[in-house]
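To start, the structure itself, in structure tokens.
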Amino acid sequence: MSGDVWFAILPDGEPGVAAAQLLRPWATETIDHHSGRPWLLGSWPDGQVTVGAAGARRVAVMGRCPVTADELSARAGRLRDAEDMERIAHGLTGSFHLLVSVDGTVRARGSVSGVRRLFHTRVAGATVAADRADRLAALTGASPDERVLAAHLLTSPLPYPLDDHCVWQGVRAVPSYDCLLIDADGRASTRRWWTPPEPQRAWQDGVPAVRAALTAAVDARTAGEDTLSADLTGGLDSTSLCFLATRERLLATREQFPATREQEQSRPAGPKLVTLRWQSLDPDNDDATWAARATAHLPDIEHITPATGQWPLWYSDLTALTGDAVPTDEPGPWVRDGARMAELCRLMTGRGSRLHLMGGGGDELFSSFPPHLHDYVRRHPLSAWSRIRTQRASQHWPLGQLLRQLADRRTFGQWLTAWAQGLTPPQPPSPALVRGAPSTAWGVDLRMPPWASRDATEAVRELIEEAADFAEPLAPQRGQHTALTCVRTGGRGLRLLDQVMSRQGLGLAAPFLDDQVIEAALAIRVAERSTPGRYKPVLAEAVRGIVPDVVLRRNTKGEYSADFHAGLRGNRTGLLELFDGSSLARAGLIDDAAVRASLLGVHPTPEALRSLSSSLGSEIWLRARSAPTCPPSTARTENTPSIAITEGAP
């Protein structure tokens, strides 16, 4: 299906019935509580919702999870109460929202990474939850929260601990690691449902769990699909997914060699795979070489590589996004790639795909970020200094600067306070500092762009300082905290991309960001997730025997500055027009003249314009959201079709 995909959750009481009447004009589907009152309303594709029942107990999985209604009914039969949800969820794979309705109480949660999120607000005297914040904002007539919108100028999605702020006034986000409980009277509370694993496993011991979790995550996407599409960039992440998605077909092909005529005519198990790689404009980018090596070992696929002139540049066709059709519920930098995403959807849906795999999450899970050195040097100083010497020799880190980084003893709250005070550096960082030692702090000291207004900067400073009073790190170790922060950023970015592409009929999935994969990967010791001289060793070993060794030898990563410069040159006029009387400037958040000066600089660099995509995304989102959203007048308000519920023995 095309169009917005969404659902809302209603309490099992009369307040929920009243709220449902306000939602029905948008809804095409409904699922009831055992009482007959509406539980779930929304619009979603076939196969994206599975419901099981046992007596008065209901369990719903909304998303991609290979579980049947009968299996869910059996799990529902084991529910003692709503608090028992996670016990009966054990073993479910994929990416989904999980919901239960038991004896008048509703419990619901999303996913660890934030690919699946929940929001809630008060409607008609009851708490109503939804997976899209804008659907709730439309019900209440909420306006954007300008403080949070200002924070989106830093980067989108927002970094932790700002990432649980909702951009709509009066609409609250459920924290990723919490679930939402709503009683029959519409009162709501939250409970923690997930705690990050302790990173204690040796990498050799953790590889089998990663392999099993990643295989199950990919299988959750291939189930029931005749055709599947995927990125095949040449990088290890996307390449691994392609081989996992086609391993049954590859095995069948190998077993049939030499094949009989009947065997040649029989179709191997698993879906047909269509892959895509767009060509970088940098002749030194070696993605093409590695993608070709992978496709040579994937004979039963259709691989598409659009010619340079057929693939849109970054920042193309921005005027097509300035109407009222922006499909995301919060700002996002995806607008830079809007034209490319539209072309991707056209190419893949035209070949029968309804779901596209991408390798997001691989870097976050299978790399060790520089802050891990801060922990490592304290726990294992000899091993740490050996690694530091190796990396200094190859990356030319200044020793004095690195030692100052490692000596930093600030708490997470102290780091937040310092970040808040440093939002506006007095001058751009010098080239020497840019090439200096990496930061081992709790996070990246993001700066407001040079075109941000003083009011916008002060609003963001207030948000960060407020967070400094209560926010805790996601893990005691800086390295694990950083990995979790990056996973959340990646998950929430994927969520926005999926909203864009699903509207055009092509869902987007990142198996690396499934809960089970995250748990398996982050249980491995942080320092062992990467090794000097080896690229992503945990992932490479996890897919060895599935991905050919010749493909696993890659230890480089593509770089796309040339594409940035070409996109900027080719679309500079359109960008300048967008920031001539912009909505952000009218809201007092930016100075249009300063944006234009940056765009017209002699040699603008990706670093100098790092915040351009975030500001651009916020501008286009604000333009589209400035007009009030009303229910479509042609929508049905009565007799909304119900989904059949398979009931098992209580």
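What you are looking at is a predicted structure, and each value in this text was computed from that prediction instead of being measured.
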### Taking every non-hydrogen atom, the tightest pair across A184 and P11
O-CB, 4.2 Å
### Query
Is the count of non-hydrogen atoms from other residues, nucleotides or ligands lying under 6.0 Å from R211 atom CZ greater than 12?
yes
### Query
Would you say W168 and D134 make side-chain contact, with heavy atoms under 4.5 Å?
yes
### Query
Are the side chain of R57 and the backbone N or O of L79 linked by a donor-acceptor pair below 3.5 Å?
yes
### Message
Ignoring hydrogens, what is the shortest heavy-atom contact between L273 and A230? Give both atom names and the distance.
### Response
CD1-CB, 4.0 Å
### Task
May I ask you to decide whether D514 forms a salt bridge with R221, counting only side-chain N to carboxylate O separations under 4.0 Å?
yes
#### Entry: Whether R58 side chain and G55 backbone form a donor-acceptor pair below 3.5 Å
yes
### Task
May I ask you to test the V210-I524 pair for a side-chain heavy-atom distance under 4.5 Å?
yes
### Task
Could you tell me which non-hydrogen atom of L276 sits nearest to which non-hydrogen atom of M348, and how far apart they are?
CD1-CE, 4.0 Å
### Message
Show, in sequence, the C-alpha distance, side-chain angles and deciding distance for Q48 and M62, and conclude whether the side-chain contact (heavy atoms from CB on, under 4.5 Å) test is met.
### Response
CA-CA 6 Å; Q48 291 300 292; M62 311 195 74; over 6 Å; no
### Query
Minimum heavy-atom separation for A89 to L98, with atom names?
CB-CD2, 3.4 Å
### Message
For the residue pair T28 / S43, report whether a side-chain donor-acceptor contact shorter than 3.5 Å exists.
### Response
yes
### Query
So, are R109 and E86 salt-bridged, with charged N and O less than 4.0 Å apart?
yes
### Task
Considering only NZ, NE, NH1 and NH2 on the basic side and carboxylate oxygens on the acidic side, decide whether R87 and D84 come within less than 4.0 Å.
yes
#### Entry: Closest non-hydrogen atom pair between G360 and L513, with its separation
O-CG, 3.8 Å
### Query
Rounded to the nearest 0.5 Å, what separation is found between the OG atom of S530 and the CG atom of L539?
12.5 Å
### Message
Rounded at 0.5 Å granularity, tell me how far CH2 in W621 sits from CG in L496.
### Response
11.0 Å
### Query
For the atom pair CG (L232) and CG (L241), what is the distance rounded to the nearest 0.5 Å?
10.0 Å
#### Entry: Heavy-atom donor-acceptor pair, R529 side chain to L522 backbone, under 3.5 Å
yes
### Message
Is it the case that the side chains of T233 and S238 hold a donor-acceptor pair, with the cut-off being a distance below 3.5 Å and no angle test?
### Response
yes
### Inter-residue atom distance L474.CG - R488.CZ, 0.5 Å rounding
5.0 Å
### Carboxylate-amine/guanidinium contact E330 R132, below 4.0 Å
no
### Query
Would you say the side chain of W193 lies within less than 4.5 Å of the side chain of L180, judging by non-hydrogen atoms?
no
### Message
Checking side-chain polar atoms at under 3.5 Å, does H120 have a donor or acceptor matched by the opposite partner on T127?
### Response
no
### Query
Would V112 and S176 satisfy side-chain contact (heavy atoms from CB on, under 4.5 Å), going step by step from the backbone distance to the final call?
CA-CA 6 Å; V112 168; S176 291; over 6 Å; no
### Task
State, with a plain yes or no, whether a side-chain heavy atom of V59 is found less than 4.5 Å away from one of L99.
no
### Message
Strictly below 4.0 Å, N to O, side chains only: are D164 and R492 in salt-bridge contact?
### Response
yes
#### Entry: Side chain proximity check, T50 to E71, heavy atoms < 4.5 angstrom
no
### Task
Using modelled atom types only, decide if a donor and an acceptor are shared between the side chain of D183 and the backbone of T105 within a distance under 3.5 Å.
no
#### Entry: Note, F512 side chain near F366 side chain (heavy atom, < 4.5 Å)
yes
### Message
Strictly below 4.0 Å, N to O, side chains only: are R247 and D219 in salt-bridge contact?
### Response
yes
#### Entry: Criterion side chain to side chain donor-acceptor pair (under 3.5 Å) on D231 and H356, from CA distance to verdict
CA-CA 8 Å; D231 291 339; H356 189 82; 2.7 Å; yes
### Query
Is a donor on one side and an acceptor on the other found under 3.5 Å between the side chain of T239 and the backbone of G235?
yes
### Message
Hydrogens and angles aside, do W334 and Q499 bring a side-chain donor and acceptor to less than 3.5 Å of each other?
### Response
no
#### Entry: Flag for R187-S189: side-chain donor and acceptor within less than 3.5 Å
no
### Task
State, without any angle test, whether S367 and D363 hold a side-chain donor-acceptor pair at a distance under 3.5 Å.
no
### Message
So that I know where these two stand, are F7 and H97 an aromatic pair - ring centroids less than 6.0 Å apart?
### Response
yes
### Query
How far apart are the C-alpha atoms of L40 and T30, what are their side-chain angles, what is the distance that settles it, and do they pass the side-chain contact (heavy atoms from CB on, under 4.5 Å) test?
CA-CA 5 Å; L40 306 172; T30 185; over 6 Å; no
### Message
Both conditions, 6.0 Å and 45 degrees, for the charged tip of R525 above the ring of W203: are they met here?
### Response
no
### Message
side-chain contact (heavy atoms from CB on, under 4.5 Å), that's the test. Do L23 and W6 meet it? Break it down for me.
### Response
CA-CA 11 Å; L23 282 164; W6 66 279; 4.1 Å; yes
### Message
Strictly distance-based, threshold 3.5 Å: is any side-chain N or O of S111 a donor or acceptor partner for the main-chain N or O of R116?
### Response
yes
#### Entry: Pairing of D4 and R503 as salt bridge, 4.0 angstrom limit
yes
### Message
Could you check whether R346 pairs with E343 (Lys NZ or Arg NE/NH1/NH2 to Asp/Glu carboxylate O, under 4.0 Å)?
### Response
yes
### Query
Any donor and acceptor pair, going by atom type alone, linking the side chain of R354 with main-chain N or O of T227 inside 3.5 Å?
no
### Query
If we ignore angles and hydrogens, is there a donor and acceptor under 3.5 Å between the side chains of T295 and R277?
no
### Message
Does D205 have more than 12 heavy atoms from other residues, nucleotides or ligands lying within 6.0 Å of its CG?
### Response
yes
### Task
Indicate yes or no: at least one non-hydrogen side-chain atom of F369 is less than 4.5 angstrom from one of V526.
no
### Trace of the salt bridge (charged side-chain N to carboxylate O under 4.0 Å, His left out) decision for R495 with D329
CA-CA 10 Å; R495 174 179 174 270; D329 61 349; 2.5 Å; yes
### Task
Using only heavy-atom distances, determine whether the side chains of D12 and S35 contain a donor-acceptor pair under 3.5 Å.
yes
### Task
For S113 and V115, indicate whether the former's side chain and the latter's backbone hold a donor-acceptor pair under 3.5 Å.
yes
### Query
Does the distance from a Lys or Arg side-chain N to an Asp or Glu carboxylate O, for D300 and K272, drop under 4.0 Å?
no
### Task
Locate the shortest heavy-atom distance separating G362 from K536; write the atom from each residue and the value.
C-NZ, 3.9 Å
### Query
Can you check side chain to side chain donor-acceptor pair (under 3.5 Å) on S229 and R351, steps first, answer last?
CA-CA 9 Å; S229 57; R351 287 163 173 80; over 6 Å; no
### Salt bridge E14-R37, side-chain N to carboxylate O under 4.0 Å
yes
